[in-house]
Amino acid sequence: LKSGRLEWSPVHKAEKFWYENAARFTEKNYELLKMLVKLLEISRDPTVLSVAAHDVGEFVRHYPLGKKVIENLGGKELVMRLLKNEDPNVRYHALISLQKIMVHNWEYLGKQVEDSANEGKNELKAKS
């Protein structure tokens with residue numbers, strides 16, 4: 001990250017890595033997050049932009065105040081700009097990242113979807 005060169009590696013997609021290390025991105029006054037956000041702003045490399053957008057989304061998903069932190073650093077706006085990028089992979093990873101930024105509580109959302117599905121089944125049973 002400090003080199004400004006991001007590439008896809010197993011660590012970027014490893015659930016365990018993000019679970020164990022998301023909080024470390026906030027150390028030293030958010031130094032690593034600021035670097036990540038800066039890459040979203042200055043890089044023109046599609047791979048760097050895709051990985052950075054992905055990493056922002058994973059940080060938000062695994063850090064309790066991640067959404068607020070990323071918004072305060074200007075990361076949400078920068079990821080939104082990537083939706084207009086000419087590279088389809090950049091647009092894809094930006095969209096997935098924004099979905100993660102927009103959802104407040106993943107477990108709550110999953111429970112709501114499950115409850116809603118169960119209510120629908122119960123209504124069908126009651127009508128038959």
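When reading the values below, keep in mind they use all heavy atoms of this one structure, side chains included, and skip hydrogens, waters and symmetry mates.
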Is there a side-chain contact (heavy atoms from CB on, under 4.5 Å) between K76 and M102? Walk through the geometry before answering. CA-CA 9 Å; K76 180 180 172 183; M102 301 307 280; 3.8 Å; yes
Any chance you could lay out the side-chain contact (heavy atoms from CB on, under 4.5 Å) test for L82 and L40, step after step, and finish with the verdict? CA-CA 8 Å; L82 294 179; L40 291 172; 3.7 Å; yes
Listed pairs under 3.5 Å, donor-acceptor, residues 26-36 side chains, sequence neighbours left out:
residue : atom : partner : partner atom : Å
T26     : OG1  : A23     : O            : 2.6
K34     : NZ   : N29     : O            : 3.2

Show which side-chain atoms of residues 50-60 pair as donor or acceptor with protein atoms under 3.5 Å away, not counting sequence neighbours.
residue : atom : partner : partner atom : Å
S50     : OG   : P46     : O            : 2.9
H54     : NE2  : H12     : O            : 2.8
D55     : OD1  : H12     : ND1          : 2.9
D55     : OD2  : H12     : ND1          : 2.9
E58     : OE1  : R61     : NH2          : 3.1
E58     : OE2  : R61     : NE           : 3.4
E58     : OE2  : K100    : NZ           : 2.4

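Distance CG/N89 to OG1/T47: 8.0 Å, rounded to 0.5 Å. To the nearest 0.5 angstrom, I70 atom CD1 is 12.0 Å from L65 atom CG. Considering CE of M80 and OG of S97, their distance stands at 11.5 Å, rounded to 0.5 Å.
With sequence neighbours excluded, no residue satisfies salt bridge (charged side-chain N to carboxylate O under 4.0 Å, His left out) with E86. In this structure, the side-chain contact (heavy atoms from CB on, under 4.5 Å) partners of F17, at least two apart in sequence or on a different chain, are V11, A14, N21, F25. Residues passing the salt bridge (charged side-chain N to carboxylate O under 4.0 Å, His left out) test with K38, sequence neighbours excluded: E41.
A donor and an acceptor atom, one from each side chain of E15 and H62, are located under 3.5 Å apart.
Counting only heavy atoms from C-beta outward, the side chains of L49 and N85 approach each other to under 4.5 Å.
Grouping Ile, Leu, Val, Met, Phe, Trp and Tyr by side-chain contacts under 4.5 Å, direct or through others, puts Y92 with I96.
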